[in-house]
Protein chains: 2
Amino acid sequence: MTTTESGAETAAEDRVFAALANATRREVLRLLRERGPQPVQALADHFDMRRPSLSEHLRVLREAGLVAEQRSGRQRIYRLEAGPLAEVQDWLHPYERFWREQLKGLGELLDRMPDDDRP
Amino acid sequence: MTTTESGAETAAEDRVFAALANATRREVLRLLRERGPQPVQALADHFDMRRPSLSEHLRVLREAGLVAEQRSGRQRIYRLEAGPLAEVQDWLHPYERFWREQLKGLGELLDRMPDDDRP
DNA sequence: TTGACGCGTAGGGAAACTCCTACCTATTGT
DNA sequence: ACAATAGGTAGGAGTTTCCCTACGCGTCAA
């Protein structure tokens, strides 16, 4: 439990999942993770998209707590804030035994199959 | 890596993240996890929403591979298919060291703070 | 066979999303 | 002081989401 997670904490959870629903925003997170903090234009260069549109995406990520900005002169350096992703993992955790069971079942199925028939 | 995950596998990833972006759909997954497979009406009873709307949500979940249906007479029993959630966890994994670093930093900060000043 | 039940699909409307082109503010260099 | 740079904001258009009310299709019970 990263935050209080008691009851109406759903609003924060909602913002995080909604932020992750867009491929451009997931790509921004990947860029910040792989290349470290960057100003907006450096990020925008990697997309076929005008800068104001990317600014909007950055706002969504910021309001979800997934990135933070640090002003440096006239630039704004964005950096990854991975905290909310830990909450996603917490959310995922109770499902883990289900997908392990499914994978186990698949494995056993394959074990009982002649090699020729495998997908 | 649960599926091939080579290149244009992004479409499947997109469908999963998009499916999880809605609170009703996340709640459906929780109900199926906690109470096991159920027909549509039993699920619909837990929401302040008409049944056709829930049917739409079930379609989105089905196309994301997160639920599966099994017909039984005139009922359709939906069950959790957690496989795609394993892929979400895979997606999450490279971020883990970042949130661990952040939490570590926060812990050290708290250690250096007098108890009275803690949030 | 007829009626009720379980559920999906069609179609529509309000709101939200995602992109765009201006445009505005703040900072820096000349 | 002035022009150029970095980046946010406003407003608008096209698309998608999410809910609704009808309605259609298959199944079961009388």
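Treat the numbers as computed from the prediction; the structure is a model and nothing was measured.
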Notebook entry, point to check: Side chains of A/R35 and A/H46: is there a donor and an acceptor less than 3.5 Å apart?
Noted result: yes
Margin query: Applying side-chain hydrogen bond (donor to acceptor under 3.5 Å, both in side chains), can you list everything that pairs with B/D48, at least two apart in sequence or on another chain?
Written below: none
Check: side-chain contact (heavy atoms from CB on, under 4.5 Å) between B/E87 and B/V16: does it pass, once the steps are laid out?
Finding: CA-CA 9 Å; B/E87 295 172 37; B/V16 173; 5.6 Å; no
Check: Are any of the side-chain nitrogens in B/R15 or B/E63 under 4.0 Å away from the carboxylate oxygens of its partner?
Finding: no
Checklist line | Closest contact, heavy atoms only, B/Q102 versus A/G83 | finding: NE2-N, 3.5 Å
Margin query: Ignoring hydrogens, what is the shortest heavy-atom contact between B/L80 and B/L32? Give both atom names and the distance.
Written below: N-CD1, 3.9 Å
Checklist line | Those residues of residues 50-59 of chain A lying under 4.0 Å from DNA chain C by at least one heavy atom | finding: A/R50, A/P52, A/S53, A/H57
Notebook entry, point to check: Among residues 27-47 of chain B, which residues get a heavy atom nearer than 4.0 Å to DNA chain C?
Noted result: B/P39, B/V40, B/Q41
Take the protein atom [atom1] of [X] and the nucleotide atom [atom2] of [N], then report the distance between them rounded to whole Å.
X: A/L61; N: C/dC17; atom1: CG; atom2: P; value: 13 Å
X: A/Q75; N: D/dG8; atom1: CD; atom2: C1'; value: 15 Å
X: B/E69; N: D/dG26; atom1: CD; atom2: P; value: 15 Å
X: A/Q70; N: D/dA6; atom1: CD; atom2: P; value: 18 Å
X: B/R71; N: D/dT27; atom1: CZ; atom2: P; value: 9 Å

Can you check whether [X] reaches [Y] side chain to side chain, under 4.5 Å on heavy atoms?
X: B/R26; Y: A/W91; result: yes
X: B/L31; Y: B/F47; result: yes
X: A/Y95; Y: B/L66; result: no
X: B/L20; Y: A/V88; result: no

Item checked: Side-chain donor/acceptor of A/R25 to backbone N/O of A/A19, under 3.5 Å -> yes
Next item on the list: Would you check, one step at a time, whether the test side-chain contact (heavy atoms from CB on, under 4.5 Å) holds for B/V60 with B/N22?
Entry: CA-CA 10 Å; B/V60 173; B/N22 181 278; over 6 Å; no
Margin query: So, OP1 or OP2 of D/dA6: does either fall under 4.0 Å of a side-chain N or O from A/Y78?
Written below: no
Using a cutoff of under 3.5 Å, can you pull out all pairs of nitrogen or oxygen atoms linking the protein to nucleotides 12-17 of chain D, with atom names and distances?
none

Note to self: Under the rule for ring pair (Phe, Tyr, Trp, His ring centres under 6.0 Å), what residues qualify as partners of B/Y78, not counting sequence neighbours?
What the structure shows: none
Next item on the list: Produce a footprint string for nucleotides 24-30 of chain C: one letter per nucleotide, 5' end first; B if the base is under 4.0 Å from any protein heavy atom, S if only the sugar-phosphate is, - if neither.
Entry: ---BB--
